[in-house]
Every structure is written in structure tokens, then in C-alpha cells.
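What follows is a single structure, written as C-alpha cells, with notes after it.
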Amino acid sequence: EDAASMELASPEAVDGVLWRQGVDTDGSCIISAGAPARAASAELRDAADADAPKKAACFRAVVQNDAEGLVELLGETSIDVWQRWENNAGKDLVSLSLERGSMKVYSVLVRALGIVQERKHSSLDRGDAVWVIEAGKVQPRQATVVEDVKDESEDVLLEFWDDNLPAMRVQRSRVSKAY
């Protein structure tokens with residue numbers, strides 16, 4: 001009755017369906033069928049075997065931090081397929097790129113998966129309060145926009161709240177509007 005109180009024995013496959021045998025808390029035997037998707041996994045495994053050379057080449061490109069080569073290889077393969085690939089150590093492409101410090105490849109993979117997206121600049125007008133992220137600092141600084149900023153502008157003229165220095169230009173990528 002309570003799935004958490006049931007001890008499951010090792011699953012067995014019969015006719016392509018995964019079956020589990022367990023014992024309930026009152027000692028009665030329970031047998032249940034596994035998910036029908038398990039039968040379809042054999043088809044996925046066959047497709048995966050066909051992709052084995054490409055899979056090996058992709059893992060090699062990750063280890064070598066070859067972003068261009070990886071883009072070529074993955075361009076021919078569905079994201080649904082390659083995001084599930086694992087090497088013999090159980091690492092997927094993203095995990096391996098992090099482990100090996102392959103940052104070019106990591107960038108390609110996370111963008112393709114939609115994990116990271118390019119940040120859009122918010123419009124900035126004179127008098128807007130903003131946060132400024134400085135290299136090597138944990139806490140951003142607060143500032144006020146001194147002049148209107150065009151969308152294509154690379155920098156912003158700001159007055160910081162925590163000092164009395166004259167206004168200074170800061171890279172727009174380091175500025176975030178305070179809402």
C-alpha cells in the first residue's frame with residue numbers, strides 16, 4: 001500500500017518489459033510492471049550504437065577543447081540524443097568539459113542546451129539607479145546614470161553613490177538596472 005515501505009528486489013526483464021518483485025510490510029508478495037518506455041529503450045540503444053564513432057569523436061573534442069570541431073559534429077545530431085551521451089566514467093559532455101577545464105567547449109554546449117543565454121541590455125535613461133559589477137569584487141556598487149544611453153552604446157557615464165569622484169565611464173556589460 002505504501003510504496004516507501006516496500007523493499008524491491010532486482011528488476012527482471014521479460015518480453016522487453018521490466019518487472020519488479022517486492023515484499024510489502026505485511027510480507028505479501030507484490031509484482032509490478034515497469035514503465036512501457038523501458039521496452040523502447042532498446043531502440044534507443046540501437047540508435048546509440050550507430051552513433052558510437054561520432055560520440056567518441058565528440059568526447060575527444062571536449063577533452064581537446066576543440067569548440068569548432070564539436071560544433072560540426074553536434075550539428076548533425078539531435079540535442080535530445082547527445083545530451084544523454086555518457087562516457088565510460090558516467091560523465092556527459094557538459095560535465096566532462098567542466099572537469100577538464102574546456103571552457104570554449106563548455107560555452108558551446110550550455111548555449112546549445114539553453115542553459116546560458118546572452119544577456120540583453122536594458123534601456124538606461126538619465127537618473128536611473130544601477131548596480132555596477134566590478135572585477136574581483138563580490139558586492140556590486142550603486143550608481144546613477146548621468147546621461148541618456150543609446151542602445152548601441154558600449155559604455156555608460158555614471159556617478160557612484162559611495163564616493164565624491166567625478167562621473168566616470170563604465171563598460172555597459174558591467175551595469176545592471178536596479179528595479
Side-chain angles (χ1 to χ4, degrees), residues 3-4 35 37 40-41 44-45 47-48 50-179:
S41 67
L44 292 174
R45 264 185 264 124
D51 286 337
K54 185 182 293 185
K55 177 180 169 182
C58 287
F59 277 98
R60 194 170 19 262
V62 168
V63 170
Q64 296 171 351
N65 201 19
D66 179 12
E68 294 82 17
L70 186 65
V71 167
E72 281 183 38
L73 291 165
L74 294 181
E76 306 163 3
T77 308
S78 167
I79 290 177
D80 294 331
V81 173
W82 65 257
Q83 74 177 353
R84 289 182 173 79
W85 284 347
E86 291 184 348
N87 64 8
N88 293 338
K91 301 279 185 187
D92 60 18
L93 294 170
V94 174
S95 300
L96 184 64
S97 67
L98 281 172
E99 181 181 282
R100 296 295 181 108
S102 301
M103 290 299 113
K104 290 179 190 174
V105 167
Y106 177 78
S107 176
V108 167
L109 292 170
V110 294
R111 284 178 189 231
L113 291 170
I115 296 171
V116 176
Q117 298 174 353
E118 190 170 332
R119 189 176 114 188
K120 304 285 188 245
H121 294 297
S122 55
S123 63
L124 297 173
D125 298 316
R126 180 184 173 96
D128 283 346
V130 295
W131 291 101
V132 180
I133 302 164
E134 295 182 315
K137 304 274 176 117
V138 177
Q139 182 70 33
R141 293 175 66 191
Q142 291 179 303
T144 303
V145 177
V146 175
E147 62 185 17
D148 288 338
V149 180
K150 296 179 183 175
D151 287 339
E152 65 275 358
S153 181
E154 298 274 331
D155 56 16
V156 182
L157 185 62
L158 301 174
E159 284 183 346
F160 286 94
W161 296 6
D162 59 356
D163 61 29
N164 291 326
L165 297 175
M168 62 185 295
R169 295 212 169 268
V170 176
Q171 275 184 333
R172 186 165 184 172
S173 62
R174 294 183 177 268
V175 177
S176 180
K177 196 170 190 175
Y179 290 99

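Closest approach of Thr77 and Trp82 over heavy atoms only: O-CD1, 3.6 Å. Closest non-hydrogen pair, Arg172 versus Ser123, comes out as NH2-CA, 4.1 Å. Nearest approach of Asn65 to Met103, heavy atoms of both residues: OD1-N, 3.7 Å. Between Ser97 and Val105, the shortest heavy-atom contact is CB-CG1, 4.2 Å. Closest of all the heavy-atom pairs between Ala143 and Val132 is CB-CG2, 4.1 Å. Here the closest heavy-atom approach between residue Val146 and residue Leu158 is recorded as CG2-C, 3.8 Å.
The closest side-chain heavy-atom distance from Asp155 to Ser153 is below 4.5 Å. Side-chain contact between Met168 and Phe160 is present, with heavy atoms from C-beta onward closer than 4.5 Å. Between Leu109 and Leu74, some side-chain heavy-atom pair lies under the 4.5 Å cut-off. The closest side-chain heavy-atom distance from Trp131 to Arg141 is not below 4.5 Å. Looking only at side-chain heavy atoms (C-beta outward), Leu124 and Lys177 come within less than 4.5 Å of each other. Residues Val63 and Leu96 are in side-chain contact: their nearest non-hydrogen atoms beyond the backbone lie under 4.5 Å apart. Within the 4.5 Å cutoff, the side chain of Trp85 has heavy atoms near those of the Cys58 side chain.
Distance check: Leu98 CG to Tyr106 OH gives 5.0 Å after rounding to the nearest 0.5 Å. In this structure, Lys55 NZ and Leu93 CG are separated by 9.0 Å, a value rounded to the nearest 0.5 Å. In this structure, CG in Leu73 is found 12.0 Å from CD in Glu68, a value given to the nearest 0.5 Å. Residue Gln83 holds its CD atom at 5.5 Å from CG of Leu113, rounded to the nearest 0.5 Å. Note that the CD1 atom of Ile115 and the OG atom of Ser107 stand 11.5 Å from one another [nearest 0.5 Å].
Residues that satisfy the side chain to side chain contact (heavy atoms under 4.5 Å, CB included) test with Asn88, not counting sequence neighbours, are absent from this structure.
For residues 87-102, every residue pair satisfying the salt bridge (charged side-chain N to carboxylate O under 4.0 Å, His left out) rule, not counting sequence neighbours, is listed here: Lys91-Glu99.
With salt bridges taken as basic N to acidic carboxylate O contacts below 4.0 Å, none links Glu154 and Arg169.
In this structure, Lys104 places its NZ atom where only 12 or fewer heavy-atom neighbours from other residues, nucleotides or ligands lie under 6.0 Å away. Counting heavy atoms of neighbouring residues, nucleotides and ligands inside a 6.0 Å radius, atom CD of Glu147 exceeds 12 of them.
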